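Working notes for the structure below.
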Amino acid sequence: MPEPPIRPADANEAESVHFIEQIIQDDLASGKHASIHTRFPPEPNGYLHIGHAKAICLSFGIAEKYDGQVNLRFDDTNPEKESQEYVDAIRRDVSWLGYQWNGGEYFTSDYFEQLHGFAVQLIEHGHAYVDHQSPEEIAAGKGTPTKAGEDSPFRNRPTEENLQLFSEMRAGLHPDGHCVLRAKIDMAHPNMHMRDPVIYRIKRAHHHRTGDDWCIYPMYDFAHGQSDSIEGITHSLCTLEFEVHRPLYDWFIRTLGIFPSRQIEFARLNLDHTVMSKRKLLRLVEEGVVEGWDDPRMPTISGLRRRGFTPESIRTFCERVGIAKRENVIDFSLLEWALREHLNRVAPRAMAVLDPIKLVILNYPEGQSEMLPSENNPEDPSAGTREMPFSKVLYIEREDFKEEANKKWFRLAPGKTVRLKSAYIVRYLDHIKGPNGQVEEVHVEYFPDSKSGSDTSGIKAKGTLHWVNVETAEEAEVRLYDRLFSDPAPDGHADRDFMDFLNPDSLQVRSRCMVEPSLALARPGVPHQFTRLGYFTLDEKRTKDTGHMVWNRAVTLKDGWKGQG
RNA sequence: UGCCCCAUGGUGUAAUGGCAGCACACCGGUUUUUGGUACCGUUUGUCUAGGUUCGAGUCCUAGUGGGGCAACCA
């Protein structure tokens with residue numbers, strides 16, 4: 001009986017890699033490829049979103065890890081939907097994520113001439129024909145998934161006639177839609193994509209790069225694999241919906257006898273409480289539900305950037321999400337975790353009060369003030385400290401005071417004692433209410449010997465409150481965000497429109513917030529942690545437009561309090 | 001009534017025929033001048049049925065469930 005193998009005493013924990021990396025390692029080990037070359041091939045017809053970030057991190061990350069190359073290629077074969085605006089936005093988003101396309105930048109439109117040559121080559125070898133059927137006739141002729149298609153009446157045209165017709169198509173002798181070029185494969189093939197796919201159509205549309213040079217454009221299936229091949233892409237990584245296109249991808253490469261790029265598919269990213277398709281995102285923009293593609297509630301890269309996400313956090317998120325072929329829906333909280341994980345280490349702390357009421361320290365001398373040092377980041381002593389002005393009248397958070405509270409309430413209330421962060425311990429005395437019953441001021445006494453850093457009072461305070469000195473406070477607008485949809489799967493209801501599930505509270509604007517004076521020098525793109533409140537970033541656009549500070553909250557701090565007090 | 005892909009805790013993802021592990025979430029505890037962080041701990045999983053094997057999450061067969069495929073879109 002064979003003994004079970006003994007595990008090596010000190011085996012290095014083998015690095016576990018996903019199935020795509022496994023293929024790459026095998027190809028490198030077997031010598032199939034001396035080096036690897038990937039590409040990221042967006043169509044410039046919209047803004048990149050977090051799902052694209054996964055694809056970007058995959059293709060760029062693999063090139064980086066295996067010392068290979070990666071191309072950025074704009075798949076621009078449908079001029080009606082594409083534009084330079086999107087090209088620019090895509091470049092900016094990929095760069096912002098921290099990636100360089102070291103293999104170069106390309107456009108499928110750069111290959112139009114070469115692709116045209118491939119088509120001629122196919123015709124010459126009897127592998128393509130010009131079809132004069134209408135789109136409806138072609139669709140009908142394809143059959144259904146369970147029923148074989150029928151040959152087009154034009155399928156057996158002589159090569160010479162096909163050559164002639166195709167050159168007329170290119171020369172503009174035929175009106176739009178009059179005829180198409182089709183690959184001649186198998187109208188009864190079990191894979192619908194192999195039933196003589198259309199590979200060129202006539203379309204008199206102005207192309208954002210080639211202008212009016214062409215009136216025929218190749219279809220995706222005839223452009224993508226060949227473009228990969230032209231660029232020497234070894235591993236062409238794409239999402240699962242292209243799986244059924246792979247036999248066609250391979251067929252063109254084999255039939256044309258060109259460099260065999262290999263397509264490998266992985267499952268696309270889905271996030272709960274949002275939608276990810278360009279069509280649906282576009283609807284949110286067009287119906288004015290959000291401000292634009294870069295609205296901080298959008299799952300777009302530009303939206304996340306404006307919301308206050310960092311490239312590092314998005315890359316971490318993509319690593320955690322993993323790569324597999326299984327359909328998946330990722331918790332939004334994983335994205336939030338990734339941001340907190342990064343920002344907790346690097347974000348400078350500051351104090352801000354979103355819903356201010358006054359705290360008056362009755363026994364603090366009128367007219368006196370002092371500067372108290374406060375750590376910029378407790379996780380990073382090298383970040384140093386800053387001086388916080390402190391005096392008799394401060395702002396504290398309305399929700400940090402309660403007229404009645406039990407033992408679990410660590411904040412201010414009758415009978416309670418709290419520490420003011422980086423300052424003194426104070427004890428409740430009384431409070432004043434306004435005409436409509438709202439608390440306006442809380443009065444406390446402070447203990448002079450409880451000063452932060454030199455506390456000899458011996459008094460213990462369970463809770464610590466953040467505060468801002470009234471005299472020196474800066475006013476700011478703060479925008480708080482929540483999930484755009486209240487339903488975890490807004491587009492998962494067959495009988496309901498996803499717009500029915502919009503979260504009415506996805507945006508909260510707080511207009512008279514008070515922030516510490518040092519924040520007046522803050523710059524956009526540098527996230528801060530507002531003590532006890534979360535991570536905030538200056539909104540560049542809105543701050544510029546309104547002339548006053550506007551802060552976006554990217555995410556709250558994790559809240560471990562159960563709210564039982 | 002076709003073809004292709006997939007199935008591991010609540011959510012993701014490992015285990016390459018040999019101890020089902022990790023992260024997020026959840027719950028509990030310790031520390032704490034952020035009810036944060038850090039640290040510790042609890043609970044929870046191999047779709048079903050057969051088969052191969054000393055041994056199956058892994059291989060085979062069938063079933064079930066989910067996803068995809070019929071644009072002159074990508």
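These numbers come from the heavy atoms of this one structure, side chains and all, not from hydrogens, waters or symmetry mates. Numbered from 1 within each chain, the chains take letters A, B, ... in sequence-line order. What you see is a predicted model; the values in this text were computed from it and never measured.
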Taking any heavy-atom pair under 4.0 Å as a contact, classify [X]: base, sugar-phosphate, or nothing.
X: A:L334; result: sugar-phosphate
X: A:K203; result: sugar-phosphate
X: A:G177; result: base
X: A:L533; result: nothing
X: A:F242; result: base
X: A:E336; result: nothing
X: A:R246; result: nothing
X: A:E80; result: nothing
X: A:V321; result: sugar-phosphate
X: A:H245; result: base
X: A:H18; result: sugar-phosphate
X: A:N191; result: nothing
X: A:D559; result: sugar-phosphate
X: A:R340; result: nothing

For this session: Check A:R553, A:K558, A:R483 against A:E336 for a salt bridge (Lys or Arg N to Asp or Glu O under 4.0 Å) and give me the one that passes.
Result: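 Filter result, single survivor: A:R483.
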To the nearest Å, give me how far apart [atom1] ([X]) and [atom2] ([N]) are.
X: A:M388; N: B:U33; atom1: CE; atom2: P; result: 18 Å
X: A:R320; N: B:A25; atom1: CZ; atom2: C1'; result: 14 Å
X: A:N328; N: B:A14; atom1: CG; atom2: P; result: 11 Å
X: A:R553; N: B:G36; atom1: CZ; atom2: C1'; result: 14 Å
X: A:I199; N: B:C73; atom1: CD1; atom2: P; result: 14 Å
X: A:F390; N: B:U33; atom1: CZ; atom2: P; result: 18 Å
X: A:E243; N: B:G66; atom1: CD; atom2: C1'; result: 14 Å
X: A:Y249; N: B:C69; atom1: OH; atom2: P; result: 20 Å

Expressed as a whole number of Å, how far does the [atom1] atom of [N] sit from that of [M]?
N: B:U48; M: B:G65; atom1: P; answer: 15 Å
N: B:U16; M: B:U1; atom1: C1'; answer: 37 Å
N: B:U58; M: B:A15; atom1: P; answer: 14 Å
N: B:A62; M: B:C5; atom1: P; answer: 13 Å
N: B:A70; M: B:G12; atom1: P; answer: 26 Å
N: B:C73; M: B:G57; atom1: P; answer: 49 Å
N: B:C39; M: B:A23; atom1: P; answer: 10 Å
N: B:C60; M: B:G68; atom1: P; answer: 25 Å

Problem set entry | Heavy-atom check, side chain of A:C57 versus side chain of A:K54, under 4.5 Å | no
For this session: May I ask you to test the A:E21-A:K65 pair for a side-chain heavy-atom distance under 4.5 Å?
Result: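 When only atoms from C-beta onward are counted, A:K65 and A:E21 do touch, with a gap below 4.5 Å.
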Problem set entry | Proximity to RNA chain B (any heavy atom under 4.0 Å), residues of residues 41-53 of chain A only |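 By residue number: A:E43.
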State whether [X] places a side-chain N or O below 4.0 Å from either non-bridging phosphate oxygen (OP1 or OP2) of [N].
X: A:R532; N: B:G35; value: yes
X: A:R201; N: B:A74; value: yes
X: A:T77; N: B:A74; value: yes

Exercise. Does a distance-only test, which skips hydrogens and angles, find a donor-acceptor pair under 3.5 Å between the side chain of A:E327 and the base of B:G12?
Worked result: no
Nucleotide nearest [X] when distance is taken to its side chain, options [options]:
X: A:T144; options: B:A70, B:C24, B:U37; answer: B:A70
X: A:M219; options: B:C73, B:G12, B:A70; answer: B:C73
X: A:D331; options: B:G35, B:U13, B:C24; answer: B:C24
X: A:R411; options: B:A70, B:G36, B:G35; answer: B:G35
X: A:S452; options: B:U13, B:A25, B:U33; answer: B:U33
X: A:H193; options: B:C69, B:C72, B:C26; answer: B:C69
X: A:K421; options: B:U33, B:C72, B:C5; answer: B:U33
X: A:E375; options: B:G36, B:U33, B:C73; answer: B:U33

Exercise. More 5' along RNA chain B: A:V17 or A:Q133, using each one's nearest nucleotide?
Worked result: A:V17
Problem set entry | Along RNA chain B (nearest heavy atom to each residue), the more 5'-positioned of A:G560 and A:H178 |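 Nearest-nucleotide comparison on RNA chain B picks A:G560.
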Exercise. Does atom CD of A:E150 have more than 12 heavy-atom neighbours from other groups under 6.0 Å away?
Worked result: no
Kindly assign one of parallel, tilted or perpendicular to the pair [X] and [Y], based on the angle between their ring planes and the thresholds 30° and 60°.
X: A:H174; Y: A:H178; value: parallel
X: A:W214; Y: A:H116; value: tilted
X: A:F74; Y: A:F107; value: parallel

For this session: Any chance you could measure A:F485, atom CZ, to A:D272, atom CG, to the nearest 0.5 Å?
Result: 12.5 Å
Exercise. A:S450 side chain to A:F447 main-chain N or O, any donor-acceptor pair under 3.5 Å?
Worked result: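 Looks like yes, one N/O pair under 3.5 Å.
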For this session: Could you give me the stems involving RNA chain B, meaning stretches of three or more consecutive Watson-Crick or G-U wobble pairs whose two defining distances are both below 3.5 Å?
Result: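 If one scans RNA chain B for consecutive Watson-Crick or G-U pairs, the stems found are B:2-7 with B:64-69, B:10-13 with B:21-24, B:27-30 with B:38-41, B:47-51 with B:59-63.
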Exercise. Among A:V468, A:N469, A:L420, whose side chain to side chain contact (heavy atoms under 4.5 Å, CB included) with A:F390 holds?
Worked result: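 Going through A:V468, A:N469, A:L420 one by one, the side chain to side chain contact (heavy atoms under 4.5 Å, CB included) with A:F390 is satisfied by A:L420 alone.
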State whether a side-chain donor-acceptor pair under 3.5 Å links [X] with [Y].
X: A:R268; Y: A:H52; value: no
X: A:D487; Y: A:H273; value: no
X: A:R349; Y: A:N377; value: yes

Problem set entry | Centroid-centroid under 6.0 Å between A:F112 and A:H207 rings |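 Between A:H207 and A:F112, which both carry aromatic rings, the centre distance is below 6.0 Å.
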